[in-house]
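This report refers to the structure that appears directly beneath it.
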Amino acid sequence: MRVIKISGHDLDRDGFVARFALAVAAIAAGEPVVLVNGGGRSISALQQAFGLAETKVAGLRVTDARSLEITEMVMSGQVNKLVVRALLAAGLDAVGLSGVDGRLLTARRKRLSGGDAPAADLGFVGEIVGVRVDLLTRLVELGLTPVLSPVSCDPAGQHYNVNADEAATAVAAALAADQLDFVSNVPGVLRDLTAAEVIPHLTAEEARTLMVDGTISGGMIPKVQSALEAIARGVPQVRIVDLPGLPAGGTRFTPTG
């Protein structure tokens with residue numbers, strides 16, 4: 001089984017979602033696929049339209065009650081159904097769900113702590129603490145391709161905005177997936193920014209070394225950290241890849257060589 005997380009960077013580009021759906025359909029012909037959709041850019045755009053300022057702490061969007069409503073509209077409604085429609089058109093029997101549906105993803109409130117500093121309150125931002133593997137497995141057994149919005153809830157029913165990379169990692173680990181792909185607008189880890197040469201394979205140790213020496217920097221750091229977290233949680237291989245590289249490209253991460 002493969003888990004694929006699609007970011008929101010290119011979803012509004014002409015033809016992108018249709019091409020992505022065709023690539024997923026080709027993969028699904030050989031193995032079951034579960035998708036997790038992002039959508040951060042769309043959330044930001046709608047927040048601006050409503051006149052809501054965006055606040056981030058350590059790269060994570062602070063989510064108040066109104067922002068949570070917008071997040072759920074975008075992630076579980078607009079983007080999720082956009083991807084589902086494209087997959088249906090590509091011949092897959094896709095079904096769109098959020099982490100709230102059937103309590104697929106159970107979350108708790110997330111707080112950031114920096115040593116002795118008090119924990120930062122991110123509002124209604126959550127982290128996944130449980131995945132309903134039985135329900136996801138049953139959907140796959142029925143021949144369905146689940147598309148999950150990472151919006152989730154706690155046992156009391158409170159909804160939370162969950163980072164899509166973190167949700168995809170939790171789902172891949174819980175399902176004991178063979179592979180997790182993070183699909184975004186970057187082709188992978190570059191050996192040299194000027195030459196734009198993608199490093200095809202990195203062990204976890206090699207990736208940490210490249211973060212220390214600055215080869216991996218800027219916005220690539222959180223992507224690589226997500227890949228390493230998935231590896232640490234038992235996913236045997238993880239890729240950072242763009243759409244053209246989805247069939248066989250990108251940077252592949254493994255625990256060892």
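What you are looking at is a predicted structure, and each value in this text was computed from that prediction instead of being measured.
- Judged as a side-chain contact (heavy atoms from CB on, under 4.5 Å), and not counting sequence neighbours, the contacts of Val17 are Leu11, Leu82, Ala86.
- Side-chain contact check for Lys110 versus Glu166: some heavy-atom pair is nearer than 4.5 Å.
- The shortest distance between side-chain heavy atoms of Ser98 and Met75 does not fall below 4.5 Å.
- With sequence neighbours left out, the side-chain contact (heavy atoms from CB on, under 4.5 Å) criterion links Val189 to Ile199, Leu202, Ile216, Met220, Val224, Thr251, Phe253.
- With rounding to the nearest 0.5 Å, the separation of CD1 in Ile221 from OG in Ser226 is 12.0 Å.
- Lys81 places a side-chain N or O within 3.5 Å of a backbone atom of Gly96 that can act as its donor or acceptor partner.
- Heavy atoms of other residues, nucleotides or ligands lying less than 6.0 angstrom from CZ of Arg19 number more than 12.
- By the criterion of side-chain heavy atoms lying less than 4.5 angstrom apart, applied directly or through intervening Ile, Leu, Val, Met, Phe, Trp or Tyr residues, Phe16 is not grouped with Leu22; the two fall into different hydrophobic clusters.
- When hydrophobic clusters are built by joining Ile, Leu, Val, Met, Phe, Trp and Tyr residues whose side-chain heavy atoms come closer than 4.5 Å, directly or via intermediates, Val162 is grouped together with Leu97.
- Atom CG of Asp14 sits in a sparse spot, with 12 or fewer heavy atoms from other residues, nucleotides or ligands closer than 6.0 Å.
- Grouping the Ile, Leu, Val, Met, Phe, Trp and Tyr side chains by contacts below 4.5 angstrom, directly or via other members, places Leu148 with Leu144.
- In this structure, CZ on Arg2 lies 4.0 Å from CD1 on Ile27, to the nearest 0.5 angstrom.
- Nearest approach of Ala107 to Tyr160, heavy atoms of both residues: CB-CD1, 4.2 Å.
- Among all heavy-atom pairs drawn from Pro236 and Pro255, the shortest one is O-CD, 3.3 Å.
- Note on Lys223 versus Asp165: no salt bridge recorded, every NZ/NE/NH1/NH2 to OD/OE distance being 4.0 Å or above.
- Under the 4.5 Å side-chain criterion, counting only non-hydrogen atoms from C-beta, Gln237 is in contact with Thr254.
- Minimum heavy-atom separation, Val84 to Ala94: CG1-O, 4.0 Å.
- For Pro247 against Leu243, the heavy-atom pair with the smallest separation is CD-O, 3.9 Å.
- Atoms CZ and NE2, on Arg252 and His201 in that order, are 4.5 Å from each other to the nearest 0.5 Å.
- Ser184 and Ser7 form no side-chain donor-acceptor contact under 3.5 Å, judged by distance and modelled atom types alone.
- Hydrophobic clustering, with ILVMFWY side chains joined whenever heavy atoms are under 4.5 angstrom apart, groups Ile128 together with Phe182.
- At distances below 3.5 Å, not a single donor-acceptor pair connects side-chain atoms of Asn80 with backbone N or O atoms of Asn37.
- Side-chain atoms of Leu175 and Val140, non-hydrogen and from C-beta on, never get closer than 4.5 Å to each other.
- Contact of the Arg109 side chain with the Asp121 side chain is registered, since non-hydrogen atoms from C-beta on lie closer than 4.5 Å.
- Scanning both residues, Ala168 and Val3, for their nearest heavy atoms gives O-CG1, 4.0 Å.
- Listed by chain and number, the residues in a side-chain contact (heavy atoms from CB on, under 4.5 Å) with Met73 are Leu46, Ile70 (sequence neighbours excluded).
- With rounding to the nearest 0.5 Å, the separation of OG1 in Thr106 from CG in Asp154 is 8.5 Å.
- Among residues two or more places apart in sequence or in another chain, the salt bridge (Lys or Arg N to Asp or Glu O under 4.0 Å) test is passed with Glu229 by none.
- Rounding to the nearest 0.5 Å places CD of Glu72 at 9.5 Å from CG of Asn161.
- Here Leu87 contributes atom CG and Thr145 contributes atom OG1; the two are 6.5 Å apart, rounded to the nearest 0.5 Å.
- Follow the hydrophobic side-chain contacts under 4.5 Å out from Val241 and you never reach Leu180; the two are in separate clusters.
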For residues 204-212, tabulate all N or O donor-acceptor pairs below 3.5 Å that involve a side-chain atom, not counting sequence neighbours.
from, atom 1, to, atom 2, distance (Å)
Glu206, OE1, Thr203, N, 2.9
Glu206, OE1, Thr203, OG1, 3.4
Thr209, OG1, Glu205, O, 3.1

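- Scanning all heavy atoms of the two residues, the minimum distance from Arg103 to Cys153 falls at NH1-SG, 3.6 Å.
- Under the 4.5 Å side-chain criterion, counting only non-hydrogen atoms from C-beta, Thr169 is not in contact with Val235.
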**OP:** Report the C-alpha distance between Asp242 and Val183 in whole Å, list the side-chain angles of each, state the deciding distance to 0.1 Å, and finish with yes or no for side-chain contact (heavy atoms from CB on, under 4.5 Å).
**Re:** CA-CA 5 Å; Asp242 60 5; Val183 182; 5.7 Å; no
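- Two residues are said to be in side-chain contact when any heavy atoms from C-beta on lie closer than 4.5 Å; Ile6 and Val24 fail this criterion.
- In this structure, the side chains of Ser149 and Val79 stay at 4.5 Å or more apart for every pair of heavy atoms.
- The side-chain contact (heavy atoms from CB on, under 4.5 Å) check on Arg132 picks up Leu104, Asp134, Leu135, with sequence neighbours excluded.
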